[in-house]
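Everything below concerns the one structure shown next.
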Protein chains: 2
Amino acid sequence: MTRPKEILIPVTPYAEGDPDIGDIKNIVGFHIRLAHGAVYRNFTETFSDLELTQKQASVLWLVDDHPDIAQIGLARRMQMDRATTMAIINRLQKRGFLVRGKSKTDGRKQTLNLTNDGRQALASAKVAMQKHEKWLQSRFSKKEAEMLIEMLSRFNTEKPV
Amino acid sequence: MTRPKEILIPVTPYAEGDPDIGDIKNIVGFHIRLAHGAVYRNFTETFSDLELTQKQASVLWLVDDHPDIAQIGLARRMQMDRATTMAIINRLQKRGFLVRGKSKTDGRKQTLNLTNDGRQALASAKVAMQKHEKWLQSRFSKKEAEMLIEMLSRFNTEKPV
DNA sequence: TGTAGATAGTTAGTCTAGCAAACAATATTT
DNA sequence: AAATATTGTTTGCTAGACTAACTATCTACA
């Protein structure tokens, strides 16, 4: 492991002055991206043994929480389009973690359910997730974590009223 | 534009109880990913005329802020590896937005600088960024936005002390 | 009822991005 | 002087996001 001599923290907490964007340090989007990258890297490291990505683990989790869910339901919950969802489901199916079935109520839809292997993978994933979340949440008090989640969820609303 | 009949907001603000991860709704990583996705999509929409990605716009901005910066400097600031940085620089160079030069102080390094086209693209990007940030920050008070940035930046520290 | 439009899944193709591994050239350290 | 580190580069692989087209099915309404 080589440590860079100069550790550049590309951010300052915030800047004084008016909110216009003279400085990249004040761009919320920039910070979301950096944070996402850091979280992604830690996730990948934590899950390297399991060989599951964030998306894949989330899909396993959601399918387990919602048996017989259709791809479109997954897509909505994870805010992905159908094509992307297909690709992810295909990968998980190829590894034998879930199976597609026929919906009894809607001929267009299929049902998704975990296999035993899938359930086992999810169980391992939840253990790893605990470690990952610990890494994340160690940076925040419980109250702060709640606040962070609440603030992040505001991005997923259609439009602020 | 077809609107889904059922709009699924995949989150609840937070859940009561202890912080262990029985529920995907309490996973910070999950929310970061969703938020990042939403921000990314709005960015892409806002920047569709300019045909610039988040990364590309950020690189233009940083090169403008730091003339003669080397690729490795950019990589550190944006937390990318060298290979990824290469690819992004190559794309921007191919479009004539920046040029590579020779560093006078270190034979291994190259200098990056914007061309006139690059400066022009950045100027347009900053205008679009203003719109994008407005979309983002409309969800937050000024104080909340500052808090959010501060909290997000905690992910980019090595380890919490 | 019958038809037009919406929805769900699928496939193919394109693009960005991340990363590992290797290599050459240059700097730094010992 | 030799060993090690750093920087840029190339190649190859992977995941993921998106568009466009197509089929099958369902829904709505004239």
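Just so it is clear, the model here is predicted, and its values are computed rather than measured. In what follows, chains carry the letters A, B, and so on, assigned in the order in which the sequence lines appear, proteins first and then strands, with residues in each chain numbered from 1.
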Can you check whether B:Gly96's main-chain N or O pairs, donor with acceptor, with B:Thr115's side chain at less than 3.5 Å?
yes

Flag, side chain of A:Glu133 to backbone of B:Gly29, donor-acceptor distance under 3.5 Å
yes

Quick one, give me the B/S/- string for nucleotides 13-22 of chain D, reading 5' to 3', where B means a protein heavy atom under 4.0 Å from the base and S means that only happens at the primed atoms, P, OP1 or OP2.
--SSBBB---

A:Glu45/A:Arg41 salt bridge by N-O under 4.0 Å criterion:
no

Expressed as a whole number of angstroms, how long is the span from A:Arg77:CZ to C:dA8:P?
13 Å

For the pair B:Arg139 (side chain) and B:Trp135 (backbone), establish whether a donor and an acceptor sit closer than 3.5 Å, ignoring hydrogens and angles.
yes

Atom pair distance, as rounded to whole Å: CD1 in B:Ile89 and P in D:dT7
15 Å

By a strict heavy-atom criterion of less than 4.0 Å, which residues belonging to residues 95-111 of chain A are in contact with DNA chain C?
A:Arg100, A:Arg108, A:Lys109, A:Gln110

Under 3.5 Å, is there a donor-acceptor pair between the A:Ser58 and B:Arg33 side chains?
yes

Could you measure the distance from the CD atom of A:Glu144 to the CE atom of B:Met151? Nearest 0.5 Å is fine.
6.5 Å

Does a side-chain N or O of B:Gln71 approach OP1 or OP2 of D:dT9 to a distance below 4.0 Å, or not?
yes

Once you round it to whole Å, what is the distance between C1' of C:dG18 and CZ of A:Arg33?
14 Å

Contacts of A:Phe140 meeting ring-ring contact (aromatic ring centres under 6.0 Å, His included) (sequence neighbours excluded), chain-then-number -> B:Phe155

If hydrophobic clusters are built by linking Ile, Leu, Val, Met, Phe, Trp and Tyr wherever their side-chain heavy atoms come under 4.5 Å apart, do B:Leu114 and B:Leu62 end up in the same one?
yes

For B:Ile72 and C:dT26, give me the distance from atom CD1 to atom P, rounded to whole Å.
18 Å

Using atom NZ of B:Lys94 as one end and atom P of D:dT9 as the other, report the distance to the nearest whole Å.
13 Å

